[in-house]
Amino acid sequence: ATFDAGRCGGEEIYGWAEYAMTKAGTLGAGGGAGQRHVFMLPPMDACPWAGLAQIGCPEKCFVWINGPYYTIDVMLHELGHTMGITHAAVSGGDEYGDGSSVMGACCSVRCFNAPETWSMGWTVPMAVGHIGSGGETAYMMGGNNYVVVDGGYFVSYRTGVGYDRGLDAKWMDKVYVHRYKGEVGRLNQERSELLAVIDRGKMWRIDGLFNVWWVDGVDKANVTIFFY
């Protein structure tokens, strides 16, 4: 088949994918074997994106990376989509606005946020907090630790370790509160919503539910959650 390199519609991108898999099969490179297939395109002016991917991957799924963007963060972002993860939003705002997650806006090396790693089944919370329990509980959080609170709230701490080494200064060494309505292992997930970024010594609250206070800590966060 012949495809127009001056276009970037569905016929083109799936046509390129089919051609590449067929060619790989003739070369003994597996062809269509495997679940996730990543296609590294040459620079394509007709494609107005850095990367493109299918959401979820029940059987087989495709990822396309545009030539100027062969980077870890773009690759991880698009592969995140195949794991059922959508964009990392801020509450009431930009669907790419949560820069603490690789599912936010491009471009820096960082990992997924707490609700995203939870939804993929990669991590488990250090504790579960219950609204309505009354009282307060203190948690000592290291990098990437988090607490889940009833109603889909995630309280987490992130610092520049591992793949989070590329976190921008405004996102590094912070306590976060996200809300997330997704479920573990379900495709086509809800977006995570960033509700708060808390600095050391500061408090954030949702009236009638709970307060989060980052008491102190260096490279760790001594966080107290007050439950109503």
Side-chain angles (χ1 to χ4, degrees), residues 1-90 93-113 116-117 119-122 158 160-172 182 186-192 194:
T2 300
F3 303 101
D4 185 352
R7 297 173 54 192
C8 195
E11 181 178 358
E12 281 71 38
I13 63 174
Y14 283 99
W16 300 332
E18 188 65 33
Y19 178 84
M21 289 191 297
T22 300
K23 188 67 173 180
T26 64
L27 297 174
Q35 185 178 13
R36 290 176 172 81
H37 299 263
V38 180
F39 302 98
M40 311 297 282
L41 304 177
M44 300 292 294
D45 291 338
C47 298
W49 33 259
L52 187 69
Q54 295 170 303
I55 304 294
C57 195
E59 295 180 4
K60 182 177 292 187
C61 53
F62 298 155
V63 172
W64 297 266
I65 306 295
N66 201 348
Y69 303 101
Y70 295 166
T71 60
I72 292 174
D73 61 298
V74 172
M75 184 75 73
L76 192 57
H77 179 109
E78 301 306 334
L79 287 172
H81 284 316
T82 72
M83 300 292 289
I85 305 300
T86 55
H87 293 140
V90 293
D94 184 357
E95 71 171 283
Y96 294 91
D98 180 6
S100 75
S101 171
V102 74
M103 301 309 291
C106 185
C107 294
S108 65
V109 177
R110 72 271 200 212
C111 203
F112 300 93
N113 63 34
E116 291 164 349
T117 62
S119 73
M120 291 187 286
W122 290 7
R158 301 276 295 281
V161 297
Y163 277 100
D164 274 346
R165 66 186 182 274
L167 278 170
D168 187 90
K170 79 178 205 175
W171 301 105
M172 190 179 294
R186 192 186 72 176
L187 301 180
N188 298 316
Q189 295 278 11
E190 303 282 343
R191 289 192 185 111
S192 65
L194 177 63

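Contact record, Tyr70 with Pro42: OH-N, 3.9 Å, taken as the closest heavy-atom pair. Nearest heavy-atom pair across Ala88 and Gly104 is CB-N, 3.8 Å. The shortest non-hydrogen separation linking Ala50 to Val74 is O-CG1, 4.1 Å. Gly160 and Met172 make their closest contact through N-CG, 3.6 Å (heavy atoms, listed as atom of the first residue, atom of the second, distance). The shortest heavy-atom contact between Thr86 and Glu116 is O-OE2, 4.3 Å. Closest of all the heavy-atom pairs between Leu76 and Arg110 is CD2-O, 3.8 Å.
Here Glu95 contributes atom CD and His87 contributes atom NE2; the two are 5.5 Å apart, rounded to the nearest 0.5 Å. To the nearest 0.5 Å, the span separating CE on Met21 from NZ on Lys60 amounts to 5.5 Å. Distance OG1/Thr82 to NE2/His37: 11.0 Å, rounded to 0.5 Å.
Between Trp64 and Glu78, the closest side-chain pair of non-hydrogen atoms is not below 4.5 Å. Side-chain contact check for Val38 versus Leu79: some heavy-atom pair is nearer than 4.5 Å. In this structure the side chain of Val63 never reaches within 4.5 angstrom of the side chain of Arg36, judged on heavy atoms. Counting heavy atoms from C-beta outward, Cys8 and Ile13 have side chains that approach closer than 4.5 Å. When side chains are defined from C-beta on, Asn113 counts as touching Arg158, because their heavy atoms get closer than 4.5 Å.
Remark: Trp122 pairs with Phe112 by the ring-ring contact (aromatic ring centres under 6.0 Å, His included) rule, at least two apart or across chains. Residues meeting the ring-ring contact (aromatic ring centres under 6.0 Å, His included) test with Tyr163, sequence neighbours left out: none.
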Report the C-alpha separation of Leu52 and Phe62 in whole Å, then their side-chain angles, then the decisive distance to 0.1 Å, and conclude whether the side chain to side chain contact (heavy atoms under 4.5 Å, CB included) test is met. CA-CA 8 Å; Leu52 187 69; Phe62 298 155; over 6 Å; no

Start with the C-alpha distance between Asp168 and Ser108, add both sets of side-chain angles, then the distance that settles side chain to side chain contact (heavy atoms under 4.5 Å, CB included), and finish with yes or no. CA-CA 8 Å; Asp168 187 90; Ser108 65; 5.7 Å; no

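Within a 6.0 Å sphere centred on OH of Tyr69, heavy atoms belonging to other residues, nucleotides or ligands number 12 at most. Counted within 6.0 Å of CG on Asp94, heavy atoms from surrounding residues, nucleotides or ligands total more than 12; the atom is thus considered enclosed. Heavy atoms of other residues, nucleotides or ligands lying less than 6.0 angstrom from NZ of Lys23 number 12 at most.
Applying the side-chain contact (heavy atoms from CB on, under 4.5 Å) test between Cys111 and each of Leu167, Asp73, Asp164 identifies Asp164 as the sole match.
Counting only distance, with no hydrogens or angles, the side chain of Glu12 and the backbone of Gly9 share a donor-acceptor pair below 3.5 Å.
Classification of the Tyr96-His77 ring pair by plane angle, with boundaries at 30° and 60°, yields parallel.
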